[in-house]
Structures are given as C-alpha cells and as structure tokens.
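Positions are given from 1, in the same order as the sequence printed here.
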Amino acid sequence: LHGIVTPAALHFERHHNGVPTIDPSQHRLLIHGLVARPLFFTVDELMRFPSVSRLAFVECAGNSRDQWGNPQDGTVQELHGLTSSSEWTGVKLATLLDAAGAQPDAAWLLAEGGDAAGLTRSIPLTADVLSEAMVCYGQNGEALRPEQGYPLRLLLPGFEGNINVKWLRRLKLGRAPF
C-alpha cells in the first residue's frame, strides 16, 4: 500500500461468527442504563446529527499472533497485516450520550454488537474516550462495508481492534465495569 489510508476493500477483516446480514431500515441503536432518557436511534436519525470524520488506525488484537513462540516465513502482510488506517465518519459518542442525558456517575460503557456472538466490551468513560470515540456509519467516503460493521460500528482510537465493536446495537452506561 502507498499512503496512509487503507482502501475500504483492503481493510483487514476479523469476525468470529460470520458477517451478519442487517437491514439498515430495521437496525436500532439503544442507549440506556445510567441515562435520563433511554433512546433508540435509527441509522437515518444518527445521520441527522452533526457528523465528524477522522483518520484513525485500527489493529486487530490478534495481529502477529501466529508469531508468538512460533516464527514463520511469509510476507509482512501475511504475518502482521491485521492493521488498517481509514477515514471514519459518524457521530461523536459524547453527542449521543448528551442526547440521552448521561448521568454524572456513569463511569463505564457496555458496547454490544449485533453479530452471532453478541460481542460485548466494557469500556471506561475516560476523558479521552469521550473526546475521541465515535459511532461510525462511514469509511473512506462510503457506507461501512458489512465486514467492517455495517450499518454502525464503534470507533475508539487508542484501543485494540476488538473493542471497536462492529454491528453496534446497544450502549449501556454503568458505574463499574460490566
């Protein structure tokens, strides 16, 4: 690759239970828990919020896993290629939490994906997370591809890839890790 942006079609893929088929007109994002107003958002409603775009690097937590204690021959892409950099577009997480009326004692976020595993990750609501995190619907100027979490994915710059929950369907705020 040349440059710093990975074309969306070449972005690494990692999913444990296949890629779900999601009808974006039926998909909803629930924000609940320690909020004043639990909310459901459609994809169209999220796209009406002010959007932001940012370049961000994502690396799979298993990148280079095959090399741990068992060095192999191969190209750099084959051995260490679960990394990509894209321009991500969506809504700042902080904007959505403000809309739901996040309570001041909310210190943790549970993010849940709509894949067959129902992948969930517990995320601290630090100042960095609140200033950087996004709920994304776009990558490199187009809609997310199904392999990248279509129609919605969480983007958390600075966190390993599996924390960037794909096929995002639920965000729950709490006081402690989930």
Side-chain angles (χ1 to χ4, degrees), residues 6 8-35 38-43 45-47 56-70 77-86 88-93 96-97 100 106-126 129 132-140 142-178:
T6 306
L10 298 179
H11 193 285
F12 77 87
E13 290 182 33
R14 187 67 175 130
H15 27 83
H16 299 279
N17 286 299
V19 176
T21 301
I22 296 176
D23 179 350
S25 69
Q26 300 300 310
H27 190 74
R28 303 289 182 268
L29 172 63
L30 169 64
I31 300 177
H32 68 123
L34 294 179
V35 297
L39 297 173
F40 277 103
F41 291 105
T42 67
V43 176
E45 289 167 341
L46 289 172
M47 293 177 83
F57 174 83
V58 177
E59 179 177 15
C60 180
N63 197 36
S64 304
R65 173 184 68 225
D66 293 338
Q67 294 294 295
W68 300 344
N70 184 23
Q77 184 65 34
E78 291 166 342
L79 300 174
H80 309 290
L82 298 178
T83 62
S84 298
S85 181
S86 293
W88 302 95
T89 301
V91 181
K92 292 183 78 170
L93 175 65
L96 298 176
L97 297 183
W108 286 83
L109 176 73
L110 177 73
E112 180 182 75
D115 57 341
L119 179 84
T120 57
R121 292 295 182 256
S122 191
I123 302 154
L125 284 177
T126 64
V129 167
E132 298 292 325
M134 297 169 52
V135 172
C136 296
Y137 46 77
Q139 179 186 12
N140 296 340
E142 62 186 34
L144 289 172
R145 292 171 181 242
E147 300 80 10
Q148 295 308 320
Y150 178 81
L152 299 172
R153 118 179 245 156
L154 186 62
L155 177 71
L156 292 160
F159 284 77
E160 63 188 26
N162 71 20
I163 308 295
N164 295 256
V165 175
K166 297 189 281 187
W167 312 291
L168 187 66
R169 67 178 177 193
R170 183 167 72 108
L171 298 170
K172 181 178 182 180
L173 279 71
R175 291 181 184 89
F178 292 90

### Query
To the nearest 0.5 Å, what is the distance between CD1 (Ile123) and CZ (Phe178)?
10.0 Å
### Contacts of Arg28 that satisfy salt bridge (charged side-chain N to carboxylate O under 4.0 Å, His left out) - sequence neighbours left out
none
#### Entry: Donor-acceptor under 3.5 Å (Lys166 side chain, Glu147 main chain)
yes
### Message
Holding to ring pair (Phe, Tyr, Trp, His ring centres under 6.0 Å), I want the full list of residues that pass it with Phe41, two or more places apart in sequence or in another chain.
### Response
Phe49
### Query
Do Arg153 side-chain atoms and Trp167 backbone N/O form a donor-acceptor pair below 3.5 Å?
no
### Task
Calculate, to the nearest 0.5 Å, the distance between atoms OG1 and CG belonging to Thr6 and Asn140 respectively.
7.5 Å
#### Entry: Distance in Å, Leu171 CG paired with Ile31 CD1, rounded so as to fall on 0.5 Å steps
5.5 Å
### Query
Can you name the ring pair (Phe, Tyr, Trp, His ring centres under 6.0 Å) partners of Trp88, sequence neighbours left out?
His11
#### Entry: Qualifying residues under side chain to side chain donor-acceptor pair (under 3.5 Å), relative to Arg170, sequence neighbours excluded
His32, Glu112
### Task
Measure the NZ-OG distance between Lys172 and Ser122 for me, rounded to the nearest 0.5 Å.
11.0 Å
### Sequence-distant partners of Glu142, side chain to side chain donor-acceptor pair (under 3.5 Å), two or more places apart
Arg145
### Task
Could you pull out the closest heavy-atom pair between Leu144 and Pro151, with the gap in Å?
CD1-O, 3.8 Å
### Query
Got a sec, which residues hit side chain to side chain donor-acceptor pair (under 3.5 Å) with Ser25, two or more places apart in sequence or on another chain?
Asp23
